[in-house]
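Input: a single structure, listed below in structure tokens.
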Amino acid sequence: MAAERFTITVSGHGAGTGYAHERLLVALERAQGFGHLRDLPRRLPVGCRRGGCGVCRIRVEGGEYRSDPMSRAHISAEEEASGVVLACCIYPLSDLSLRLEPPVTVKANGRVAAL
Amino acid sequence: MAISGVLRPGFIQIRVLDMPAAVEHYTKRVGLHQVTEGPDGRVYLKAADEFDHHSIVLRRADHAGVDMMAFKCLEDADLDRFEKRIADYGYAVDHVKAGDQPGLGRRIGFTIASGHRIELFAQSEQSDPMPRVHNPDVWEHEPHGMAARRFDHALLYGPDIERNLDFFTKVLDFKCAERVDMPDGLLAIWLTCGMKAHDLAFVKHPEPNKLHHVSFDLENWGAVGHAADIITRYDISIDIGPTRHGITRGQTIYFFDPSGNRDEVFAGGYTYYPDLPTRTWDETQIGKGIFYYERQLNDAFLSVVT
């Protein structure tokens, strides 16, 4: 069976391809490597790629995906429910559009602070 | 006995998001062995070349990072001596009863200026697998995975590392093997309590109590290359390497566990004696100090922590 292949759009900056079995961040790294992401406001944030460090925070603006657990020190349950996630912890189930978000730390009181 | 007091890193307890994935990573890939699982779900691991009961503790949590790092002392009375010195320095000392972790005796604990919890203990049961002591082979249990020989050191990030330097050298009798001084002040320190170039290191960072990496000792540069093959074969998230540190001279790879905690496997490093001077680095050569071949920091070195 052919791997499910989707278009991943970074709003205003270009698009690459992603696969259902592949972490979204890996698809974005590949798109950057091929020069498909132009004029990003800052360098594509790549950290641990495993949900711990919080640097690859994005907002999914459209499309379906599934998620692995991600650090609650960086993404609250409410944010995750609203589509703010770590790109390394989601896998596309359809074409996706997203934008990069600045990384933050979620404090015990629920407040967020810039990383 | 030339080395007394604090002997070496004993164990580190780290938080993981997915326990089965963490156990598979540290046992099958890094090459540790699971000793036991505690009634509270914590999992205890060790390298086959270590005698003590365990050296890595995994605790399931909703965010990654480090709970505490513990150092082993030569004798039980050291704990009383250090408790007085730590309290005199002004840090509150608490007590953890024997048996809180399987196989370990009593511990004392305290929080340092960078926000990290440090513990000291002196008693540990031995556990299998461990080296044979009579007519020993080079290994009793055939190494697997990256063939880690021991939990070697950790690099921790937090504020006020000047205070950590003062505390570890004045109170726990560590020495500073190397340091990095930037125009705006102290950036990093490498501390040793024995004859390794480092047992514990700190980098200045605004947020307290962060983990940069947990490090495992490998036998040689060839083993570092084999570890790199494993990292790609099993799609382990790579940070940098194989490369070398100018600081400590270790041959190294940085990679991430399934919860995003950074691990290091490394080989080599020079021998430190307590009469040796501190080696110093400045802004112009820091890139070479951290990554000797690349000669510049990567994006993640100062910013990606758990």
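Lettering follows sequence order; numbering is per chain, from 1.
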Report task. Output the residues of residues 287-297 of chain B for which the shortest heavy-atom distance to chain A is under 4.5 Å, in residue-number order; output 'none' if no such residue exists. Result -> none

**Report entry** Selection from B:Ile238, B:Asn298, B:Asn261 maximising heavy-atom pairs under 4.5 Å formed with chain A
**Finding:** B:Ile238

**Report entry** Heavy-atom pair count under 4.5 Å with chain A, highest-scoring of B:Val304, B:Asp62, B:Asp18
**Finding:** B:Asp62

Requested in this report: Check step by step if side chain to side chain contact (heavy atoms under 4.5 Å, CB included) holds for A:Val46 and B:Asp299.
Outcome: CA-CA 8 Å; A:Val46 178; B:Asp299 283 349; over 6 Å; no

**Report entry** Side chain B:Ser237, main chain A:Cys48, donor-acceptor under 3.5 Å
**Finding:** yes

Query raised in the report: Which atoms form the tightest heavy-atom contact between A:Gly52 and B:Ala64, and what is the distance?
Result: CA-CB, 4.2 Å

**Report entry** Which atom of B:Asp235 lies closest to which atom of A:Arg50, heavy atoms considered
**Finding:** O-NH2, 2.6 Å

Requested in this report: Could you pull out the closest heavy-atom pair between A:Gly47 and B:Phe256, with the gap in Å?
Outcome: O-CE1, 3.5 Å

**Report entry** Atom of A:Arg72, atom of B:His63 and distance for their closest heavy-atom approach
**Finding:** N-CB, 4.1 Å

Query raised in the report: When heavy-atom pairs shorter than 4.5 Å are enumerated against chain A, which of B:Ser259, B:Ala300, B:Ala61 gives the highest number?
Result: B:Ser259

Requested in this report: Return the option, out of B:Asp257, B:Leu17, B:Thr306, B:Asp239, with the maximum number of heavy-atom pairs under 4.5 Å with chain A.
Outcome: B:Leu17

